[in-house]
Peer 1: 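Pasting in a structure now, in structure tokens, and then I'll have a few things to ask.
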Amino acid sequence: MTDAWKVLVGNLAAVAFIVSLWAHLSYRLHRLTRIQRAVGLGVTFGLAALASMTLAVRFDVGVIFDLRLAIIESAAVFGGPGPAFIAALIAAAFRVYLGGAGALPGLIAIGIVFTCGVLLWFIARSKPMSDSPSILSAAVLAGALSISVLAILPQYDFERAVKQMGVPIVLLNFAATAAIGFFLSHFRKFTLERDILHAALTQAPDYHYVKDLHHRFVVVNQNVAHHNGRASPFEMVGLTDRDLAPSERADQLMADEANVLRTGRPLDHFEEYLIEEGKPPRWYSTSKVPLRNRDGELVGLAGATVDITEKKLLEQELSASRNMMATAMAEMSDGFAMFGPNGRIVFCNERYKALFPKSGYARKPGAHILDILKVTARSGERNDLPSDVDDHQIKTTAEKLFTDKDEIFQLADGRWLSLRTRVTDENYVLALVSDITSVKESELSFKSFAEQMKGLAETDALTGLANRRSFDESLLREFETAAISGRPLSTILIDVDRFKAFNDQYGHMAGDACLKSVSAALASVARRSGDLVCRFGGEEFAILLPDTDLKTALILAEKVRTSIARLGIPHEESEHAVVTASFGVAVFTKGSTVSHPTELVARADLALYQAKDQGRDRVTFIKEGENILMRQFSAFNDHAQ
């Protein structure tokens with residue numbers, strides 16, 4: 001190797017040493033600002049250029065060859081205009097200091113390389129060039145510029161310089177630029193990874209920290225620093241828990257950490273309730289894991305502490321609410337059950353089971369509604385669920401669970417239960433079962449009482465027949481029905497003959513007995529459900545016969561008249577010597593001129609008075625279309641025959 005090669009290789013080594021020294025220092029001094037780092041990089045490249053010129057090849061008097069051009073270009077393309085300017089300024093000043101015939105060409109070369117490097121930096125979109133293609137292109141440019149600037153020398157010196165120094169100066173400028181580029185790129189990536197990890201740790205939420213084997217803090221995040229009254233995480237470095245916490249707590253923390261380091265087993269979610277002076281009580285959850293290097297050796301531990309106060313308070317509130325609800329559910333007089341979307345019981349109280357003694361054992365959390373209904377059917381517990389019910393009916397009944405409904409059903413033991421189900425938005429079913437036996441019995445008793453009262457209100461106390469009120473209501477209803485359907489409606493009015501004289505002769509007790517006997521004879525006529533016999537007032541009675549024509553009504557009236565006479569109740573004041581009755585019949589038919597029920601009663605009443613005028617103990621009727629026409633039943637009978 002020639003002397004020029006040896007000098008330039010040594011020159012390259014010196015440059016590499018200075019650049020690597022700065023890279024290591026910048027990594028350590030990571031708290032420097034961006035401007036400080038730029039200035040430091042520029043000064044480093046300037047010193048490298050100065051060292052290069054100091055170790056330069058002496059080509060001629062005042063003319064030297066070195067690697068300053070590669071250094072200045074590297075400062076521009078890998079650092080930017082700022083560092084490049086500082087490096088170029090230092091290199092230019094030193095070249096002026098060295099002087100000689102080559103000083104001016106050297107300054108021009110520095111200016112040319114600075115300009116080309118900055119232009120390349122701008123071409124790279126104002127970012128330091130860090131990928132392999134960019135670094136190699138910068139190295140090629142450095143090699144090209146190193147041979148190009150030789151043209152600044154006089155022609156004779158240029159040709160001699162190219163011949164003697166061309167190859168080594170081109171190759172070593174290329175090598176120097178590539179070495180600087182790859183070295184800085186590697187450190188930038190390494191630093192970026194460090195910064196990302198550091199930022200992730202220091203800026204993460206909760207409390208994160210790393211300790212060495214002596215329990216000293218190595219790295220902490222901002223939350224840990226602020227929690228311990230420090231303005232910056234760096235103020236925590238080197239401290240231990242003994243510097244921060246009471247001695248008893250610090251000893252416990254360090255003992256736990258020593259156990260983690262000794263056993264290698266992490267401390268997982270250890271919860272603590274701390275009352276610190278000047279601070280409200282808080283809950284914390286702490287996890288610590290041992291850290292090992294690439295060789296598997298313990299180098300420290302990492303810890304993460306989470307403030308879980310809000311979570312614990314919510315859990316306590318939820319637990320209190322759950323206990324309160326469970327107590328309320330257990331003590332409530334109604335049965336309560338919650339079914340999940342899958343049809344299985346999620347929760348039920350004891351009362352729910354007790355209300356179903358035959359199937360209560362099957363009504364428990366986890367039981368499916370289909371299985372519960374099958375047990376209920378087999379045991380015959382519900383009257384509406386026969387024991388021979390098939391699976392399809394069971395499934396249909398179960399599906400009704402997932403609907404909002406209110407139903408009442410009776411158990412085989414006679415009890416009545418009310419079941420109310422409500423479906424939530426999440427498709428859960430809330431079922432509330434109440435024993436309403438007493439309410440149901442009261443309801444039935446009240447209904448029976450009401451019916452009895454209604455019967456009393458519509459019944460004549462003496463005869464047991466319907467009273468006048470009941471007759472008026474039935475007449476109005478049946479008249480409207482007949483008017484719509486066109487079917488006949490017959491009305492018969494009856495009056496006991498000479499009844500006042502009977503009372504005067506035999507007394508009121510005998511009179512009441514007489515009316516009861518007459519009522520019994522009249523009641524025998526009402527054989528159909530729609531027929532009605534009532535006491536119209538005093539000794540007067542009425543019979544309402546729906547869907548009955550005139551002929552049938554006259555036959556029935558005559559039959560009753562005969563039955564009353566055959567009772568043979570003595571009546572000395574009567575012209576017939578026994579108790580008799582007179583009958584007036586009126587019929588409403590399709591096309592009748594009668595427009596109101598009272599007109600129908602008035603016609604029957606008119607016929608009754610005609611019967612009494614004709615000697616009593618007879619049936620008389622008024623035919624539709626005649627004003628007043630009286631006929632004896634015997635005459636009607638002759639006509640009918």
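Index from 1, following the sequence.
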Peer 1: Which heavy atom of E381 sits nearest to which heavy atom of P357, and what is that distance?
Peer 2: OE2-N, 3.2 Å
Peer 1: So does R468 pair up with D472, basic N to acidic O under 4.0 Å?
Peer 2: yes
Peer 1: Under 3.5 Å, is there a donor-acceptor pair between the side chain of D497 and the main chain of D617?
Peer 2: yes
Peer 1: Are the side chain of E558 and the backbone N or O of I555 linked by a donor-acceptor pair below 3.5 Å?
Peer 2: no
Peer 1: If I compare all heavy atoms of D206 with all of N221, which pair ends up nearest, and what's the gap?
Peer 2: O-ND2, 3.1 Å
Peer 1: In the structure I gave you, are the side-chain heavy atoms of V560 and I494 within less than 4.5 Å of one another anywhere?
Peer 2: no
Peer 1: Look at R415 together with D413 and state whether they make a salt bridge at an N to O cut-off of under 4.0 Å.
Peer 2: yes
Peer 1: How many angstroms lie between CG in L544 and CG in D531, if you round to the nearest 0.5 Å?
Peer 2: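 Output value for this atom pair is 8.0 Å.
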Peer 1: Any side-chain heavy atom of F583 within less than 4.5 Å of one from I564?
Peer 2: yes
Peer 1: Does E539 use its side chain to pair, donor to acceptor, with the backbone of F499 at less than 3.5 Å?
Peer 2: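 Not a single qualifying donor-acceptor pair exists.
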Peer 1: Any luck finding a side-chain donor-acceptor pair between R282 and T309 under 3.5 Å?
Peer 2: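 Indeed, the side chains of R282 and T309 share at least one donor-acceptor pair under 3.5 Å.
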Peer 1: Which residue is it: D512, D460, D495? I am looking for the one with a salt bridge (charged side-chain N to carboxylate O under 4.0 Å, His left out) to R535.
Peer 2: D460
Peer 1: Donor-acceptor pair, distance only, cut-off 3.5 Å: does the side chain of S287 make one with the backbone of H269?
Peer 2: yes
Peer 1: Has the side chain of H368 got a donor or acceptor atom that lies under 3.5 Å from a matching backbone atom of N342?
Peer 2: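 Yes; at least one donor-acceptor contact below 3.5 Å.
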Peer 1: Tell me if a side-chain donor or acceptor on T548 pairs with a main-chain N or O of P546 at a distance below 3.5 Å.
Peer 2: yes
Peer 1: Starting at CG of D404, measure out to CG of L430 and round the result to the nearest 0.5 Å.
Peer 2: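 Spacing of CG (D404) from CG (L430) equals 9.5 Å.
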Peer 1: Give me the atom names and distance for the closest heavy-atom approach of P570 to F502.
Peer 2: O-CE1, 3.2 Å
Peer 1: Would you say the side chains of H596 and T598 form a donor-acceptor pair under 3.5 Å?
Peer 2: yes
Peer 1: Side chains of V375 and R378, heavy atoms from C-beta outward: is any pair under 4.5 Å?
Peer 2: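 Sidechains of R378 and V375: in contact.
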Peer 1: Applying side chain to side chain contact (heavy atoms under 4.5 Å, CB included), run through I569 and S517 and close with a yes or a no.
Peer 2: CA-CA 9 Å; I569 300 173; S517 298; 4.0 Å; yes
Peer 1: Give the C-alpha distance, both sets of side-chain angles, the deciding distance and a yes or no for side chain to side chain contact (heavy atoms under 4.5 Å, CB included) between T620 and Y609.
Peer 2: CA-CA 9 Å; T620 306; Y609 276 99; over 6 Å; no
Peer 1: Quick one: do R249 and E272 make a salt bridge, cutoff under 4.0 Å?
Peer 2: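 Yes, R249 and E272 are salt-bridged.
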Peer 1: Where the side chain of H571 meets the backbone of R498, is there a donor-acceptor pair that is under 3.5 Å apart?
Peer 2: yes
Peer 1: With under 30° as parallel and over 60° as perpendicular, where do the rings of Y352 and F356 fit, or are they tilted in between?
Peer 2: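 Y352 vs F356 ring planes: perpendicular.
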Peer 1: Should we say atom CZ of R528 is surrounded by more than 12 heavy atoms from elsewhere, each under 6.0 Å from it?
Peer 2: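 Buried by this count: over 12 neighbours within 6.0 Å.
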Peer 1: So does K405 have more than 12 non-hydrogen atoms from other groups sitting under 6.0 Å from NZ?
Peer 2: yes
Peer 1: Scan side-chain atoms only and decide if R616 and S574 contain a donor-acceptor pair under the 3.5 Å cut-off.
Peer 2: no
Peer 1: Going from CZ on R351 to CG on N349, what distance comes out if it is rounded to the nearest 0.5 angstrom?
Peer 2: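 The CZ atom of R351 sits 9.0 Å away from the CG atom of N349.
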Peer 1: Quick check: closest heavy atoms across V346 and P365, and the distance to 0.1 Å?
Peer 2: O-CB, 4.1 Å
Peer 1: Under 3.5 Å, is there a donor-acceptor pair between the side chain of N228 and the main chain of V224?
Peer 2: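 Such a contact is found between N228 side chain and V224 backbone.
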Peer 1: Could you tell me whether the side chain of T403 and the main chain of K400 form a donor-acceptor pair under 3.5 Å?
Peer 2: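 At least one qualifying donor-acceptor pair exists.
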Peer 1: May I ask you to check whether R363 and S359 show a side-chain donor-acceptor distance below 3.5 Å?
Peer 2: yes
Peer 1: Could you list the residues that satisfy ring pair (Phe, Tyr, Trp, His ring centres under 6.0 Å) with W416, not counting sequence neighbours?
Peer 2: none
Peer 1: Are Y506 and E573 side-chain neighbours, meaning at least one heavy-atom pair lies under 4.5 Å?
Peer 2: no
Peer 1: Anything under 30° is parallel, anything over 60° is perpendicular, the rest tilted; go ahead and classify H227 against Y284.
Peer 2: perpendicular
Peer 1: To the nearest 0.5 angstrom, please state how far the OG1 atom of T459 sits from the CZ atom of R469.
Peer 2: 11.0 Å
Peer 1: Does F409 have R382 sitting over its ring (NZ/CZ under 6.0 Å from centre, angle to axis within 45°)?
Peer 2: yes
Peer 1: How about S582 and Q614: do any of their side-chain heavy atoms sit closer than 4.5 Å?
Peer 2: no
Peer 1: Quick one about S470 and N467 (side-chain donor to acceptor, distance below 3.5 Å, no hydrogens or angles considered), yes or no?
Peer 2: no
Peer 1: Less than 3.5 Å apart, any donor N or O on the side chain of S474 or R477 sitting next to an acceptor on the other?
Peer 2: yes
Peer 1: Show the numbers, then the answer: is there a side chain to side chain contact (heavy atoms under 4.5 Å, CB included) between L313 and Q316?
Peer 2: CA-CA 5 Å; L313 292 176; Q316 291 175 356; 3.9 Å; yes
Peer 1: I need the minimum non-hydrogen distance between L411 and N383, along with the two atoms involved.
Peer 2: O-ND2, 3.4 Å
Peer 1: What verdict does the side chain to side chain contact (heavy atoms under 4.5 Å, CB included) test give for V587 and F621, after you've listed the backbone C-alpha separation in whole Å, the side-chain angles of each residue and the deciding distance to 0.1 Å?
Peer 2: CA-CA 9 Å; V587 179; F621 70 95; over 6 Å; no
Peer 1: Would a 4.5 Å heavy-atom cut-off, applied to side chains only, mark V389 and I394 as touching?
Peer 2: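 When only atoms from C-beta onward are counted, I394 and V389 do touch, with a gap below 4.5 Å.
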Peer 1: I need the D406 CG to L432 CG distance, nearest 0.5 Å.
Peer 2: 10.0 Å
Peer 1: For residues E248 and Q252, determine if any side-chain heavy atom of one lies less than 4.5 Å from a side-chain heavy atom of the other.
Peer 2: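 SC-SC contact between E248 and Q252 ruled out.
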Peer 1: Can you see which heavy atom on A367 is nearest to which on A362, and at what distance?
Peer 2: CB-O, 3.1 Å
Peer 1: May I ask you to decide if the ring planes of Y273 and W283 are parallel, tilted or perpendicular, using 30° and 60° as cut-offs?
Peer 2: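 Ring orientation of Y273 relative to W283: tilted.
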Peer 1: Rounded to the nearest 0.5 Å, how far apart are CG of L522 and CD1 of I543?
Peer 2: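 Here the interatomic distance stands at 5.0 Å.
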Peer 1: Side chains of I372 and I345: closer than 4.5 Å at any heavy-atom pair?
Peer 2: yes
Peer 1: Near F402 CZ, under 6.0 Å, is it more than 12 heavy atoms from other residues, nucleotides or ligands?
Peer 2: yes
